[in-house]
Amino acid sequence: MKSLEELKQLRESLQKDMLARNSAGKARIVIGMGTCGIAAGAREILQAVLQEVKTRGLDVIVSQTGCIGMCEKEPLLDVQLPGKDRITYGNVKKEDVSRIIVEHLINGNIVEDLVVARLEEGGE
Amino acid sequence: MRELSLHILDIVQNSISATASLINIYINENLEGDLLTIKIRDNGRGIPEEQLLHITDPFYTTRTTREVGLGLSLFRQTARRSGGGLEIKSQIGAGTEVTAFFAHSHIDRPPMGDIKGTLLTLIALNPDLDFTYQHLYRDREFFLDTRVIKEELEGIEINQQAVLDWLGEFIKKGLEDLYGGEG
């Protein structure tokens, strides 16, 4: 699928489920995209996240943040389920992504051995 | 950074922080002149003159989360050790332009790397921003403008996975055609 004509066909198929999409009440995945995160492999972690989200057909928000001062623990990946604490996973490897998504995002169980920080729901 | 595409991803983060809405990425691989140029231009808030003086100092940053600012200094270091250099132009309220030059054939010049991954990362994480990507190689050109893609999508989000898949194939094919089997 490479031409704009094919993109139009894709648009028509996507319009059908467009109305059902909004960001309220969705789980969120945040990836650290500071220089430290990028140098440590954040781009590859994002690609693994997008692949896993696609494979499992998940409806989540994937976004980015800058350097939060934990450079030595990059790549950092945060997961926040609606109404729950924001959990920061550190030194994340591509092979950890599937585990974090299945255990935390889908089953609601925090992957304790990869946690480097947590922020209470409603905290800054 | 092991790839120039990672530097590009990193420098664009500065444009995003500067609240740019349009970011132009330009790459020119001039083999005859043995010159590689990478230019990143944005329409963000611009950099005050007094900050421009220190902008490539690794121990200077305007952020408060840590005391170093490595992105531009690393990019400059990479350019310099590849027989080139780095220039920054900025105008308050109009935007900033970062240009890096490299001797294309220099043994210390990092490879371009995963340009497709960098572009998809930027688009996936910043669907509200617009990007243009212009890449020249010999007499060929690959050009991508997310504004055109969005127009075709008529309100469908550009970072929906199916659209990202299409974009990935579009970029892959475009770069293959650009390099004509040489890249």
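Letters A, B, ... mirror the listed sequences (proteins, then strands); counts begin at 1. No hydrogens, no waters, no symmetry mates; every other heavy atom, side chains included, goes into these values.
Placement of Leu72(B) and Phe101(B) in two distinct hydrophobic clusters is found when ILVMFWY residues are connected by side-chain heavy-atom separations under 4.5 Å, directly or transitively.
The closest donor-acceptor contact from the side chain of Glu157(B) to the backbone of Asn159(B) lies at 3.5 Å or more, if one exists at all.
Arg147(B) and Glu151(B) are not joined by a salt bridge, as no carboxylate oxygen comes within less than 4.0 angstrom of a charged side-chain nitrogen. A salt bridge is defined here as a Lys NZ or Arg NE, NH1 or NH2 lying under 4.0 Å from an Asp or Glu carboxylate O, and Lys54(A) with Asp165(B) meets this definition. One finds no salt bridge joining Arg140(B) and Asp177(B) here, because no Lys/Arg side-chain nitrogen approaches an Asp/Glu carboxylate oxygen to under 4.0 Å.
Contacts classified as salt bridge (charged side-chain N to carboxylate O under 4.0 Å, His left out) and involving residues 14-39 of chain B (residues at least two apart or in different chains) are given here: Glu32(B)-Arg138(B).
In this structure, chain A has a heavy atom under 4.5 Å from the side chain of Gln161(B), while its backbone stays farther away. Both the backbone and the side chain of Ile38(A) come within less than 4.5 Å of a heavy atom in chain B. With a 4.5 angstrom heavy-atom cutoff, Gln64(A) touches chain B via backbone and side-chain atoms both. Within the 4.5 angstrom heavy-atom criterion, only side-chain atoms of Ile16(B), from C-beta onward, approach chain A.
For the side-chain contact (heavy atoms from CB on, under 4.5 Å) test with His135(B), the passing option among Leu144(B), Leu175(B), Ile171(B) is Leu175(B); the others fail.
Heavy-atom neighbours of Glu141(B) CD from other residues, nucleotides or ligands within 6.0 Å: above the threshold of 12. Heavy atoms from other residues, nucleotides or ligands lying under 6.0 Å from CZ of Arg109(B) number more than 12.
With sequence neighbours excluded, no residue forms a salt bridge (Lys or Arg N to Asp or Glu O under 4.0 Å) with Glu49(B).
Proximity to chain A among residues 113-122 of chain B is limited to Asp114(B), Gly117(B), Thr118(B), Thr121(B), judged by heavy-atom separations below 4.5 angstrom. Interface with chain B: from residues 102-111 of chain A, no residue qualifies, criterion being any non-hydrogen pair under 4.5 Å.
Aromatic rings from Phe143(B) and Tyr133(B) are positioned such that their centres are separated by 6.0 Å or more.
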